[in-house]
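Let me begin by presenting the structure, written as structure tokens, before commenting on it.
The model shown is predicted, which means the values in this text are computed figures rather than measured ones. Just so it is clear: chains get the letters A, B, ... in the order the sequence lines come, proteins before strands, and each one is counted from 1.
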2 protein chains.
Amino acid sequence: MADPRSSLDEQIAIYQREHRDLDPQVERVVNALSRLDRRMSVAYGRQLAALGLSSAEWEVLKELVMVGSPYQLWPGTIARRLGLTPAAMTHRVDRMVAAGLVTRERDTENRVRVIVGLTDEGREKWLEVMREASAFEEELLQDFTVKERTQLGDMLIRLLDRVSVQLDRSIPSSQLRSKHGQLAEVDTPHPHP
Amino acid sequence: MADPRSSLDEQIAIYQREHRDLDPQVERVVNALSRLDRRMSVAYGRQLAALGLSSAEWEVLKELVMVGSPYQLWPGTIARRLGLTPAAMTHRVDRMVAAGLVTRERDTENRVRVIVGLTDEGREKWLEVMREASAFEEELLQDFTVKERTQLGDMLIRLLDRVSVQLDRSIPSSQLRSKHGQLAEVDTPHPHP
DNA sequence: AGTGAAGACTTCACTACTAAAGTTCGAAGC
DNA sequence: GCTTCGAACTTTAGTAGTGAAGTCTTCACT
């Protein structure tokens with residue numbers, strides 16, 4: 001790479017000195033992705049902190065809003081979707097109940113289960129964050145034309161599908177779950193309210 | 001969005017029901033990025049585990065290889081680059097010394113400082129991981145033409161520059177550091193061995 | 001020399017997570 | 001009807017991080 005256009009290209013040039021077989025075009029994409037995500041996490045973290053919310057709380061709020069009214073999920077479902085253990089969800093829900101963002105109640109149909117529900121305050125917090133976040137995101141993509149945004153989105157979704165295939169292939173079959181959002185219908189306390 | 005092409009498009013449609021002002025093209029890009037990074041982290045995590053390495057150890061090895069021979073850095077430098085506190089680095093280095101991946105020694109030129117150096121075993125581990133990882137990454141992008149790879153890389157780097165600007169703008173000026181890799185030359189125990 | 005301020009790492013107290021064991025409830029088989 | 005198995009959450013013990021306080025060294029100045 002004769003004329004690196006960014007610090008990332010410089011870094012990749014160094015990697016190549018250490019390990020010849022690297023494809024620089026591939027490395028560019030992969031390394032840009034991880035750097036980008038790290039910086040965006042920092043940016044979101046600051047915005048959330050300004051609204052008095054932690055990233056952990058935000059993740060849970062998103063899941064609850066995403067299932068739609070009446071905004072209820074079982075703790076185990078949230079844990080699976082976020083890639084956490086049930087134990088971690090127990091504690092997160094504890095904190096969020098204390099903060100007034102969600103409620104925790106026994107499921108009357110199966111008293112082993114627990115239902116986590118969004119409070120009005122939690123719903124309102126979600127909206128506040130989304131208003132700020134969407135402004136930030138809009139600004140992030142301000143230099144991109146509509147066509148470029150579509151292209152970029154399409155390519156990222158192709159990568160997403162691809163990595164999902166690679167992941168499923170390496171998972172012990174006992175852990176396989178139905179793919180994509182299919183669970184939503186059967187994994188929600190009140191599928192059709 | 002009449003005809004969602006992926007579970008991601010479905011999710012965005014739900015978000016729009018809850019908050020009208022969202023630009024779906026923007027949301028597609030942003031949400032794909034975060035999903036992609038999460039899944040790739042899982043994939044890398046599995047590969048590393050198979051080689052007996054944690055993600056934390058891998059991050060440190062990368063930084064050390066990246067400065068080139070003689071593969072030495074101060075703990076504080078590594079901590080800054082990884083976005084960790086100095087305290088966290090103290091413990092990481094403890095564990096990695098015990099695992100034989102790095103050495104820790106006092107800097108003879110300034111006895112407040114400590115020098116973390118890569119062992120031959122650490123160097124070899126880095127190579128092992130890179131061999132596996134580059135195969136995985138190559139496969140990830142197998143459906144992309146050379147032109148598409150370049151386009152994607154270019155767009156991601158544009159986003160990277162953009163988010164960096166947005167981040168710097170919201171940082172207290174006392175915390176501002178020189179941008180990009182400029183520190184490398186002055187932030188390494190032996191700049192010109 | 002001697003003092004004071006600043007810097008670099010470590011230590012301490014605390015927080016959040018994981019893995020595994022424990023508890024309780026519901027369902028299936030005898 | 002009782003028992004046993006499995007599922008869902010909670011509890012416990014251990015690990016890795018943060019922020020703040022502490023220790024030692026260097027540097028600038030008297």
Salt-bridge test for [X] and [Y]: reply yes if a basic N is under 4.0 Å from a carboxylate O, no otherwise.
{"X": "A/Glu59", "Y": "A/Arg92", "result": "yes"}
{"X": "A/Glu139", "Y": "B/Arg162", "result": "yes"}
{"X": "A/Glu18", "Y": "B/Lys62", "result": "no"}
{"X": "A/Asp9", "Y": "A/Arg28", "result": "yes"}

(request) Give the B/S/- string for nucleotides 14-21 of chain D, one per nucleotide from 5' to 3', where a protein heavy atom under 4.0 Å of the base yields B, of only the sugar-phosphate yields S, and otherwise -. (result) --SSBB--

(message) Closest-nucleotide mapping onto DNA chain C: is A/Arg106 or B/Val114 further toward the 5' terminus? I mean the 5' end.
(response)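 Mapping each residue to its closest nucleotide by heavy atoms, the 5'-most match is B/Val114.
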
Return no unless some side-chain N or O of [X] is found under 4.0 Å from OP1 or OP2 of [N].
{"X": "A/Thr90", "N": "D/dT10", "answer": "yes"}
{"X": "A/Arg113", "N": "D/dA7", "answer": "no"}
{"X": "B/Arg104", "N": "C/dT10", "answer": "yes"}

Whole angstrom value for the distance that separates [atom2] of [N] from [atom1] of [X]:
{"X": "A/Ile78", "N": "D/dA8", "atom1": "CD1", "atom2": "P", "value": "14 Å"}
{"X": "A/Asp107", "N": "C/dG26", "atom1": "CG", "atom2": "C1'", "value": "12 Å"}
{"X": "A/Glu109", "N": "C/dG26", "atom1": "CD", "atom2": "P", "value": "11 Å"}
{"X": "A/Asp94", "N": "D/dC9", "atom1": "CG", "atom2": "C1'", "value": "11 Å"}
{"X": "A/Trp74", "N": "D/dC9", "atom1": "CH2", "atom2": "P", "value": "9 Å"}

(request) Quick one: look up who D/dT26 pairs with, Watson-Crick or G-U, both distances under 3.5 Å, and put none if it's unpaired. (result)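 Result: C/dA5.
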
(request) Output, in order, the C-alpha distance, side-chain angles, deciding distance and verdict of side chain to side chain contact (heavy atoms under 4.5 Å, CB included) for B/Leu152 and A/Leu159. (result) CA-CA 11 Å; B/Leu152 180 55; A/Leu159 280 183; 3.9 Å; yes

(request) Scan side-chain atoms only and decide if B/Ser7 and B/Arg35 contain a donor-acceptor pair under the 3.5 Å cut-off. (result)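 Yes - a donor-acceptor pair under 3.5 Å links their side chains.
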
